[in-house]
Amino acid sequence: MELPKKYSFEESEKKWAEYWKKKKVYRYDEKSEKPVFSIDTPPPTVSGNMHIGHAFSYAQGDIVARYHRMAGKNLFYPYGTDDNGLATERLVEKLKKVNSKSMKRDEFRDLCMKTLEEIKPDFTSDWVKIGVSADFEGSYSTIDNHCIKTSQKSFLDLYKKGHVYTEESPVSWCVHCQTAIAQAEFENVDMTSHFNNVIFKQGSKELVIATTRLELLPACVALFAHPDDERYKDLKGKFARVPLFDYEVPILYDENVDMEKGTGLMMVCTFGDKDDVFKWHKYKLPLKTAITIQGKMNDEAKGYEGLPIKEARKKISEDLERQGLLVSKKDITHAVNVHERCGTEIEILKTKQWFIRVLDKKQELIGAAEKIKWHPEFMKKRYVHWVENLQWDWCISRQRHFGVPFPVWYSKKTGEIILADEDQLPVDPLSDKPKTLPKGHTYEDIIPEEDVMDTWNTSSLTPQIALGWAENDSKYKKVYPMSVRMQAHDIIRTWAFYTIVKGLYNSNDIPWKNIMVSGFVLDPKGDKMSKSKGNIIMPQEVIGKYGADGLRYWAAGSKLGEDMSFQEKDVVTGKKTVTKIWNASKFTIMNLKDYNAKPLKELELKDLRVMDKWIVSKVMRAVKNATESFESYEYSRSMRETDVLFWHKFCDNYLEFVKHRTYEAKDEKSKLAAQKTLYYSLLSILKMFAPVMPFITEEVYQVYFKGVEGFESIHVSDWPSFNKKLLFEKEEKAGDLAVRVVSDIRKHKSEKGLSLKTELGRVEVSCSDEDKKLLELVVEDVKAVGNVKEFVFSKGKELTTKIN
RNA sequence: GGGCCCAUGGUCUAGUGGCUAUGACAUCUCGUUUACACCGAGAAGGUCCCCAGUUCGAGUCUGGGUGGGCCCACCA
């Protein structure tokens, strides 16, 4: 059996991806006795193409997954896509050039489903191409019936347990998407604005307040000063007149007013920010709404009705100025919360929404994080910090079309909430009817809940979805909590947090025992990638140029949790490694031509020479370290270990040291020992590389080793096990000395401009007696590699090599 | 303002208290040796950000700076 001269990753990667699929190599085995290792994978949002961050993070997760599969675990490794919610709506609106708000809900839903069908196969194929070894056949979609059912069951469960409530209250709102949104969907951006000093009249006195939000003047409900502020002490119980809108608001005092800021006198509107909400609650202020859900002024803003917020702000500014009520106007830059999906500034509007209680469970939610092992550990702090700083309960209702419907109706008569029965799920209240009606009600007396759920309400249930919680699947009982969650750090505050919430509330336990959090891919300069900057790296292009193995090698080079700037040269190194594996394998297998290989159970030590034991020892140490690193999710350490073993021990040295024993074999026993060792070392190295570079290792395995070892694929073969008996200290030391002397010889030839092949007359090594004893064991090998005629020793303290 | 992470040859980077600080890329020199020119063998290149401390010993641990990045808060 021989390997062709060149390796084509294009052909090979395609071939093995198909093979793995056909042979169902990545199937979870329900009947297996092996311990289960389960992975909670992030369902990517179907958005056209996989981006480089996906490739990075999934590759890292997959490397860990492949290790555990080889290490004897029964892998439960599901895959799904997250395709309900705003992201998908936006995509469909863009692709199909429609506006969801002007369509009927079911029409738009159908269009979304149809569009997903069209684009999903291409999208998912990217995951297959980078070698993700999940079980794609059991894929779920967060908008399929199973997920809707799971999501609705979770809702009913939480409702019954008292974790869900609905109320009309001030909630963050996106006027562009026209829906409520959650705190986790905020993004902070710096914006330029104006800090305006505006005159309020108090009798004949002029009071100046500072504001950036002039359009909220008609929503002003009070003025506030600090109780100790001398300037405003005599205003107690007085009222001020709102400019332009000409009505009076009370002047009140609160400790948290900052005397230094602005004029020390502030206006409270319903609602400009969270602090307004706070004071509105605390002082039971009236509600005066000036902005509609579409982001236009309503008739509270007399004279400005129908104007969009920013235009109203401008016009009010002009009108104030004209009337001499604008004292000053200063340009400022300040941080503003915007909706991450569309960049629109967030408003606070009083609307009816559904919430999941989290503020009253902060301690439990932080306690859960303590029970989970975080990799790397410091990522836990991000979670804890987020939970500690939560300000709102989780708002889960969205005034959108494409999402999981609430399994809820209302009574027109009494307003009471009517829940769906669990056994009628999945349910769409717009078309379905409740199984049980309240007393004295007919179907005519009920109206459906029209809102849909936040997409995170469903994707936070990935463990329950994958394990069949809603179906009372035995798998759920057996596997939950899952072994590990893999994800990137940007969604700790959403996906990780929400999944833990659902785990505690629905399943009474943490969702997984471990979480591995990967970093971010930055552009070559270390900046964030973004479409607007035009610095996006497409993984498809990288794969096309260097192959999936090359890309995975690159992804494996970064420590877990660490951001990494994309350097093309690192992918080149990956591709070089692939080529090197190919060439080294080709050479090794060539040397095994007449070797009668048997399945490798335990290496037979009989007849092994010193250099053989040297490489076996090196393999063993690498196996030990790589295994330990993998067990603690440190795949980059593990790969480095294998890398050093392969390049510097196996290729640079061992292969050179055995050539003289296999080429013109004078000693059959020695040749056989070398072959045995070659077989053992190469197979071990291939296995150790297999999680990182699944394609090239499979190629070599299939061509040669499969016929001997018998496993369907290298990826279901067993991970090399550490065996203390295969550590040979003396031989290792001797081999290290041989390598050192050979290195001196190479250096000499290089400095003299000689070919490495040049024969040397005499090499004299001066060293201690101890080293001499060891070196004598490998003299023949050193002579062969260095092409040395005569080799002599002399006594010396330090090991030095003299050549003439 | 709070929290977290980071700082190592030109660039990126390993380094979990212990000989001369790791590797890759780039640079230079040599070598077409029958696994590999998508190569190999070498060379040069470092105040391990600064200060103080702990220690027999610090790139590594502690404290304090400086600089960079990320997250959160700040929106009157």
Side-chain angles (χ1 to χ4, degrees), chain A residues 3 5-7 183 186 188 190-191 193 195-196 198 209-213 216 220 223-224 256-258 261-269 272-276 279 332-337 345-346 376 378-386 388-391 489-490 492-493 519-520 522 524 526-528 546 550 557-559 561-570 572-591 632 634 636-637 640 643-644 647-648 651-652 655-656 659 663 742-743 745-758 787:
Chain A
L3 267 52
K5 186 152 172 59
K6 296 265 177 207
Y7 171 70
Q183 189 180 350
F186 295 4
N188 245 271
D190 281 335
M191 285 198 170
S193 181
F195 209 43
N196 307 284
V198 180
I209 65 108
T211 182
T212 54
R213 305 224 35 200
L216 287 179
C220 179
L223 295 187
F224 273 85
N256 86 346
V257 175
D258 184 352
K261 200 151 191 178
T263 58
L265 191 62
M266 66 179 285
M267 70 168 180
V268 166
C269 310
D273 61 23
K274 230 175 324 181
D275 184 60
D276 287 346
K279 291 200 174 69
I332 55 155
T333 302
H334 65 159
V336 180
N337 277 327
E345 285 173 61
I346 287 162
F378 69 79
M379 288 293 180
K380 179 165 72 188
K381 288 187 189 139
R382 293 206 187 186
Y383 169 92
V384 171
H385 193 229
W386 172 256
E388 281 171 347
N389 286 298
L390 277 173
Q391 308 278 339
H489 62 60
D490 58 327
I492 289 176
R493 66 181 191 172
F520 247 55
L522 308 171
D527 295 329
K528 255 191 183 167
Y546 305 107
S558 137
K559 266 198 292 189
E562 216 138 274
D563 291 350
M564 183 156 77
S565 79
F566 180 84
Q567 308 287 339
E568 192 153 345
K569 69 178 181 67
D570 294 335
V572 173
T573 307
K575 199 190 164 202
K576 280 185 184 173
T577 305
V578 168
T579 307
K580 189 83 173 172
I581 291 173
W582 180 253
N583 288 320
S585 300
K586 193 170 64 180
F587 174 69
T588 304
I589 289 167
M590 193 181 86
N591 278 305
S632 53
E634 293 181 270
S636 61
R637 254 168 193 280
R640 189 176 288 272
D643 223 25
V644 169
W647 283 90
H648 304 300
C651 293
D652 292 353
L655 287 186
E656 295 302 322
K659 274 178 184 170
Y663 273 172
V742 163
S743 160
I745 292 170
R746 284 170 175 166
K747 189 169 162 183
H748 173 263
K749 289 181 178 175
S750 188
E751 277 165 358
K752 290 271 164 355
L754 300 170
S755 156
L756 289 178
K757 216 180 169 184
T758 313
N787 198 9

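Residue numbers begin at 1 in each chain, while the letters A, B, ... track the order of the sequences.
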Any donor-acceptor N/O pair, [X] side chain to [Y] backbone, under 3.5 Å:
| X | Y | value |
| --- | --- | --- |
| A:Lys279 | A:Val268 | no |
| A:Lys749 | A:Leu756 | yes |
| A:Asn196 | A:Thr211 | yes |
| A:Gln183 | A:Leu390 | no |
| A:Lys559 | A:Ser636 | no |

Out of [options], whichever nucleotide has its closest atom nearest the side chain of [X]:
| X | options | value |
| --- | --- | --- |
| A:Leu756 | B:A14, B:G40, B:C36 | B:G40 |
| A:Glu751 | B:A35, B:A43, B:G31 | B:A43 |
| A:Leu655 | B:U33, B:A35, B:A73 | B:A35 |
| A:Gln567 | B:G2, B:C12, B:U13 | B:C12 |
| A:Lys559 | B:A14, B:C74, B:A41 | B:A14 |
| A:Phe587 | B:A35, B:U13, B:C74 | B:A35 |
| A:Thr573 | B:C38, B:A24, B:C12 | B:A24 |
| A:Ser750 | B:C75, B:C39, B:G42 | B:G42 |
| A:Lys747 | B:C12, B:C4, B:A43 | B:A43 |

Under 4.0 Å, counting only non-hydrogen atoms across every strand here, what does [X] touch: a base, just sugar-phosphate, or nothing?
| X | value |
| --- | --- |
| A:Ser585 | nothing |
| A:Lys749 | nothing |
| A:Lys5 | sugar-phosphate |
| A:Phe520 | nothing |
| A:Asn337 | base |
| A:Lys528 | sugar-phosphate |
| A:Cys269 | nothing |
| A:Lys261 | base |
| A:His334 | sugar-phosphate |
| A:Asn188 | base |
| A:Gly272 | nothing |
| A:Lys576 | sugar-phosphate |
| A:Asp652 | sugar-phosphate |
| A:Glu562 | sugar-phosphate |

Between A:Met267 and A:Lys659, just flag the one whose closest nucleotide in RNA chain B comes earlier from the 5' side.
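Its nucleotide being nearer the 5' end, the pick is A:Lys659.
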[atom1] spacing across the pair [N] / [M], given as an integer number of angstrom:
| N | M | atom1 | answer |
| --- | --- | --- | --- |
| B:G31 | B:C70 | P | 49 Å |
| B:U62 | B:C74 | C1' | 33 Å |
| B:A43 | B:C61 | C1' | 36 Å |
| B:C25 | B:C39 | P | 8 Å |
| B:G65 | B:G2 | P | 11 Å |
| B:G63 | B:C6 | P | 14 Å |
| B:U11 | B:U47 | P | 11 Å |
| B:G23 | B:G46 | C1' | 15 Å |

Looking only at N and O atoms, is any donor in the side chain of A:Lys580 or the base of B:C36 less than 3.5 Å from an acceptor on the other one?
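Donor-acceptor pair under 3.5 Å: yes.
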Is there a donor N/O on one and an acceptor N/O on the other, under 3.5 Å, for the side chain of A:Thr579 and the base of B:C38?
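Between B:C38 and A:Thr579, which were checked side chain against base, a qualifying N/O pair under 3.5 Å is present.
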What is the separation between atom CD on A:Glu656 and atom C1' on B:C36, rounded to the nearest whole Å?
11 Å
Return the value, rounded to whole Å, for the distance between atom CG of A:Leu390 and atom P of B:G2.
21 Å
Cation-pi between A:Lys659 and A:Phe587: NZ/CZ under 6.0 Å from ring centre and within 45° of the ring axis?
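Satisfied, under 6.0 Å and within 45°.
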On the 0 to 90° scale, with breaks at 30° and 60°, tag the A:Phe520-A:His489 ring pair as parallel, tilted or perpendicular.
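Parallel, since the angle between the ring planes stays under 30°.
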Any side-chain N or O of A:Gln391 under 4.0 Å from OP1/OP2 of B:C74?
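Answer no for this pair, as no side-chain N or O of A:Gln391 is under 4.0 Å from OP1 or OP2.
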Short side-chain N/O contact from A:Ser755 to OP1 or OP2 of B:U32, under 4.0 Å:
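So the side-chain polar atoms of A:Ser755 never come under 4.0 Å of the phosphate oxygens OP1 or OP2 of B:U32.
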A:Asn337 CG to A:Lys274 NZ distance, which is reported to the nearest 0.5 Å
7.0 Å
Using both pair distances under 3.5 Å as the test, note the stems of at least 3 consecutive Watson-Crick or G-U pairs that include RNA chain B.
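RNA chain B forms these stems: B:1-7 with B:66-72, B:10-12 with B:23-25, B:27-31 with B:39-43, B:49-53 with B:61-65.
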